[in-house]
Amino acid sequence: MRGPGFLEQLEQALPGAVAGSRLDALDPWIEVAPERLVDVCRWLREKSAVRFDAIECITAIDWFEPDPKKAAKVTWQPHTELVYHLWSTASRVSIVLKVNLPRWKGDVPGQLPEVGSVAGVWRGANWHEREVYDLSGVWFVGHPDLRRILCPEDWEGHPLRKDYEQPLEYHGIRGR
Amino acid sequence: MADFLINTVGLPEWLAWTVTAFVAAALILNVIAGGALVFIWAERKIAARIQDRLGPTRTGGRFGWLQSLADGIKLLAKEDLMPEGADGMLFRLAPYISFCASFCAFIALPFAFDFVGQRLNVGVFFVVAVLGLEVFGVILAGYASASKWSLFGAMREAAQVVSYEVPLGMCVVVPVMLAGSMDLVTIGEKQAGWFTGWYLFHDPFTFVIFWVYVTCAVASVNRAPFDLAEAESELVAGFHTEYSGLRWSFFFMAEYGSMFLVSALAAVLFMGGWNGPIPVATLLGLSEGTGDTANYFVRLIGCGNLVLKATLGVLLMMWVRWTLPRLRIDQVMTTCLKYCTPIAAAMFAGAMLWQLAFPGGIVRGLSRPAGEIREGWLEGPGGLPVGRGTLMRKSAAAGSSELLAEPLADAKSEAGIDSQNVVQVVP
Amino acid sequence: MAPLIDDDPRIIEFDVRTDEMLVNMGPQHPSTHGVLRLVLRTDGEIVSEVEPHIGYLHRCAEKIGENLTARQWIPYTDRMDYLAAMNMNLGWSLAVEKLMQYQVSERARHLRVLIAEMGRIASHLVGMGAYGLDLGTFSPFLYAFREREKILDLFEEACGARLTYSYITVGGLTADLPHGWLRKCEEFLDQFEPIIQEYHALLTTNAIFVKRTAAIGVMSPELAIEYGCSGPVLRGSGVDQDMRRDGESIYTAMYEGYAFEVAVMKNGHYPRDHAYPPVPADAILGDCWHRFFVRMLEVVQSMDLVRQSIDRYAACKGPLGEPVKLTEKIPAGDAYLETECPKGQMGFYLVSDGSAIPWRVRARSSSFSNLAVTHELCRGCLIADVPAIVGSLDIVMGEIDR
């Protein structure tokens with residue numbers, strides 16, 4: 001999705017939803033305010049000139065450096081970034097949505113950050129959101145069935161977080 | 001054998017009959033067990049060759065011919081497991097019921113003219129009915145296993161086998177109608193002579209109904225493409241999911257026993273039974289009247305004929321199994337209720353009308369060796385066979401029925417042999 | 001008559017009703033293609049609900065990727081779709097190359113096409129054979145494996161491995177083809193071409209096979225798109241999309257100059273450049289039969305592409321080029337690339353902070369999205385249809401669970 005016209009349409013339709021964008025990147029992306037994510041997705045799927053009818057992938061990136069020495073050098077603040085890869089079957093173009101969330105809700109460790117679920121927009125997002133919840137610990141509000149998908153249901157922690165520590169034992173099995 | 005024991009050895013009657021029964025049972029048991037071993041080995045080799053493989057090659061030297069025996073020993077040595085929630089007694093009982101049904105059906109199956117465990121005048125009915133009992137073992141196994149997959153397998157088997165009994169019965173009735181007897185030995189005898197005398201070639205209707213019979217037989221013994229009770233890609237292993245070791249092998253033996261049985265039944269009903277396609281023995285003058293040794297030899301050849309035909313049937317089932325995908329349960333029932341049953345019914349009516357229009361068949365009169373009638377096993381007073389295998393040679397010079405012994409004449413009318421037929425073959 | 005209470009034994013006579021039953025299909029089940037567990041809610045033979053449970057093969061591949069350099073992660077991609085490991089290698093390599101803005105040599109490009117398309121044939125052969133197995137026929141499975149073995153022999157000669165190749169790598173390929181390989185490959189293709197008719201006879205046109213697959217598990221194009229289905233599953237629903245043609249330029253550039261027609265039903269017929277069997281009258285676009293058929297067509301299509309690439313590769317006299325260093329630094333940024341793998345569109349997402357080790361790697365598995373649609377397709381089908389539907393999606397658990 002190159003060209004500014006598309007972005008303007010989006011801003012016009014949903015003022016204040018776009019928090020930032022870079023359309024000349026390798027994969028052009030738009031940063032969306034977390035609370036407007038579902039609206040933006042619905043607009044992209046149903047109203048925009050290019051209908052993004054498929055969700056390919058949802059990724060959570062944990063921007064956190066557990067090593068304090070290295071942490072001093074990084075340029076970013078710790079946060080969790082959600083990346084949505086959308087695809088338009090008819091126009092054969094893709095777009096990337098990025099959402100920045102705090103690592104913990106209200107910065108209280110253990111409280112998962114929350115964002116609206118897009119499983120109601122694309123049914124295919126259901127499993128992807130379950131996977132993100134399972135591995136990266138993001139709570140999708142409004143998800144019909146948010147359970148762990150890859151890890152066992154009684155697993156503790158979210159393995160793809162950078163500060164994740166493997167449990168010492170799980171049901172009598174040695175962890176590390 | 002019983003009369004030999006009574007008359008020559010001098011055993012009391014009850015003992016003689018008991019000994020005879022045991023000998024027959026032991027022989028049949030060996031036929032089933034040995035047959036299963038051979039057929040399992042054959043199935044492996046055939047499946048392998050169909051699939052571009054070699055199959056077993058080492059056990060027992062060449063061709064891996066001892067493979068099934070080795071497997072049998074392995075199964076004997078295996079732990080006998082029973083699921084915790086299973087109904088113990090029924091779980092243990094089920095494989096034996098299956099096996100018994102398969103075994104019992106063999107009792108009435110003639111391997112040659114008088115190579116039969118017990119000749120029954122309702123032989124056809126007995127075989128089909130007892131074979132149908134096999135399903136009880138399967139249902140019990142499925143129910144008693146306390147496994148959902150087993151239950152699914154059992155319910156499918158029940159639905160399928162019970163439905164297929166209907167067209168199977170209709171197919172079986174046609175040769176019975178043509179022969180005018182439910183005695184398998186009589187039915188086999190009626191097809192003596194050249195292969196044109198087989199009921200398969202009796203008329204177009206019997207030819208069609210033979211193939212309906214083949215379909216129904218495959219379905220009633222649960223072989224692919226009708227192997228829904230096992231259906232390994234859907235139900236794990238169906239009714240025998242929870243079985244292991246020897247009990248499991250009993251199901252296997254019952255399956256192969258039944259396969260052989262329905263094939264042998266097809267041979268007796270449609271393919272001349274123990275009569276070869278060319279009446280070699282008769283052409284050579286080696287007939288049953290030429291002495292006891294020759295007599296026995298002829299029957300041995302007859303037995304070989306039947307086993308060969310039945311084996312061909314089993315091989316056909318194997319070929320089908322390794323070629324076709326499996327049907328779905330509703331499609332299996334559709335095949336039965338929408339195709340097999342109406343076709344069988346129509347063919348039955350057709351064969352009946354044909355028989356009415358051309359009694360004795362068209363080519364039959366021409367193909368039968370002239371001047372020969374076999375009366376079969378005739379029963380004297382007290383159920384003891386008399387004049388067993390006696391060959392009657394009727395000719396114009398020797399006169400006719402006055403030469404026949406008095407009880408024989410009675411038995412002839414009892415056996416319901418069509419006198420018109422007899423007249424027809426006398427030159 | 002006294003009123004009936006709940007524990008009255010007489011109630012049995014009045015209350016003949018059927019209960020729904022929960023059945024576990026898998027993870028140890030012959031037809032779930034590995035360790036998939038399907039919980040079926042059935043009423044007799046009719047399935048009212050299917051819920052897939054996955055994760056039995058989860059190996060934390062993405063977490064491992066955060067501790068290895070980009071090239072070191074190649075063997076882990078092998079183990080995702082282990083039936084088409086070449087295509088997995090290619091997907092990851094291209095994603096890294098996209099971020100590095102790296103261009104492989106012309107010779108490497110044609111060799112990649114050659115290898116990837118051979119991998120596609122091998123994968124579809126397994127998919128086809130295993131589908132026959134799901135429907136209860138054993139022999140086509142072995143006929144398919146027999147041919148796949150020959151492809152694996154060729155791969156073994158090229159890179160030394162038979163299953164997990166790590167052959168295609170970032171910056172090219174680990175080695176060039178040995179002498180005489182192309183001739184053997186051509187011999188294989190000549191030998192293989194007539195055998196496809198055998199598969200058509202045993203499966204595609206077999207009456208029982210058609211009965212079991214036609215009009216079963218019909219997926220509308222809208223449903224397929226919404227669930228993010230891809231590959232033959234999507235094309236089986238009549239959606240004309242193939243990343244080799246519609247994907248990003250770094251991927252489509254690889255296929256530039258190659259002639260191929262996407263195997264999809266358009267205007268009521270499939271591309272007609274080969275002697276395909278006719279579509280049976282019972283089949284509905286989007287059913288199991290069409291998904292299977294698209295795979296069969298893609299085998300022919302891939303053979304065509306392999307033949308083209310052999311000529312082009314042989315004509316390229318330039319050097320193959322060396323792969324990048326194992327510890328090559330990756331520029332900061334992120335890149336997402338989807339490639340057309342045999343099972344569908346396999347996406348790799350790479351986030352780099354400028355060091356050699358990626359900050360985050362992500363594999364978007366095609367089978368994952370394809371499997372997610374199962375519960376929609378299986379609603380109200382028979383138990384026997386569940387393996388037929390799941391088999392037609394041609395899933396590989398290694399890729400789903402990662």
Side-chain angles (χ1 to χ4, degrees), chain B residues 43-44 46-55 142 146-160 215 218-219 222-238 241-242 318-335 338-339, chain C residues 18-19 21-26 28-33 38-40 42 44-47 129-147 149 195 198 201-204 206-214 216 292 381-391:
Chain B
E43 173 131 41
R44 290 180 160 200
I46 289 167
R49 290 305 165 131
I50 287 176
Q51 297 167 351
D52 262 4
R53 295 185 284 124
L54 289 176
S147 156
K148 289 165 184 169
W149 295 124
S150 302
L151 195 62
F152 274 126
M155 296 329 285
R156 283 182 177 188
E157 164 103 4
Q160 181 187 337
T215 314
V218 172
N222 280 310
R223 290 286 293 188
F226 304 104
D227 58 342
L228 294 163
E230 288 159 40
E232 79 284 342
S233 65
E234 297 148 28
L235 304 185
V236 189
T241 306
E242 305 292 344
M318 291 177 185
W319 182 19
V320 168
R321 171 172 178 184
W322 296 107
T323 310
L324 293 181
R326 184 182 304 113
L327 282 164
R328 215 170 48 199
I329 182 75
D330 59 325
Q331 291 161 351
V332 167
M333 302 309 263
T334 310
T335 312
K338 280 196 183 161
Y339 300 103
Chain C
T18 53
D19 262 340
M21 185 155 73
L22 275 182
V23 194
N24 257 319
M25 196 180 231
Q28 292 103 355
H29 189 277
S31 71
T32 51
H33 296 252
L38 297 170
V39 177
L40 314 181
T42 68
E45 286 271 343
I46 298 166
V47 177
Y131 194 43
L133 212 54
D134 285 340
L135 298 178
T137 177
F138 206 94
S139 298
F141 177 69
L142 284 150
Y143 296 158
F145 264 59
R146 177 188 63 200
E147 302 309 318
E149 281 300 296
I195 289 175
E198 200 173 83
L202 277 168
L203 292 174
T204 321
N206 179 304
I208 297 180
F209 180 86
V210 172
K211 265 190 168 233
R212 286 294 308 274
T213 55
I216 302 295
F292 173 84
C381 72
L382 294 174
I383 288 185
D385 291 334
V386 174
I389 291 169
V390 174

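No experiment lies behind these values; they were computed from the predicted model shown. In what follows, chains carry the letters A, B, and so on, assigned in the order in which the sequence lines appear, proteins first and then strands, with residues in each chain numbered from 1.
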**OP:** Spell out, as yes or no, whether a donor-acceptor pair under 3.5 Å connects the side chain of Ser139(C) to the backbone of Thr323(B).
**Re:**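 Side chain of Ser139(C) to backbone of Thr323(B): no pair is present.
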Subject >> Phe209(C), part contacting chain B, at a heavy-atom distance under 4.5 Å >> reply: both
**OP:** Examine whether an atom of Arg212(C) lies under 4.5 Å from a heavy atom of chain B, and if so say whether it belongs to the side chain, the backbone or both; otherwise answer neither.
**Re:** both
**OP:** Can you tell which part of Ile50(B) gets under 4.5 Å to a heavy atom of chain C, answering side chain, backbone, both or neither?
**Re:** both
Subject >> Top contributor to chain B contacts, counting heavy-atom pairs under 4.5 Å, from Val386(C), Asp385(C), Asn24(C) >> reply: Asp385(C)
Original post:
So which of Leu382(C), Thr42(C), Leu203(C) has the largest heavy-atom pair count under 4.5 angstrom toward chain B?
Top reply: Leu382(C)
**OP:** Applying side-chain contact (heavy atoms from CB on, under 4.5 Å), run through Gln51(B) and Phe141(C) and close with a yes or a no.
**Re:** CA-CA 9 Å; Gln51(B) 297 167 351; Phe141(C) 177 69; over 6 Å; no
Original post:
Taking 4.0 angstrom as the limit, do Arg328(B) and Glu45(C) come out as a salt bridge?
Top reply: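 Here Arg328(B) does not pair with Glu45(C) in a salt bridge, since their nearest N and O are not under 4.0 Å apart.
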Original post:
Does CE in Met318(B) sit with more than 12 non-hydrogen atoms of other residues, nucleotides or ligands closer than 6.0 Å?
Top reply: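 Yes, CE of Met318(B) has more than 12 neighbouring heavy atoms, counting only those of other groups under 6.0 Å.
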**OP:** Verify the neighbour count for atom CD1 of Ile195(C): are there more than 12 heavy atoms of other residues, nucleotides or ligands below 6.0 Å?
**Re:**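 For Ile195(C), atom CD1 is crowded (more than 12 foreign heavy atoms under 6.0 Å).
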Subject >> Residue pair Val23(C) / Phe152(B): nearest heavy atoms and the distance that separates them >> reply: CG2-CE1, 3.8 Å
Subject >> Atom of Pro325(B), atom of Ile208(C) and distance for their closest heavy-atom approach >> reply: O-CG2, 3.5 Å
**OP:** Any chance you could measure Ile383(C), atom CD1, to Trp149(B), atom CH2, to the nearest 0.5 Å?
**Re:** 5.5 Å
Original post:
Are Phe138(C) and Arg321(B) close enough that some pair of their side-chain heavy atoms sits under 4.5 Å apart?
Top reply: no
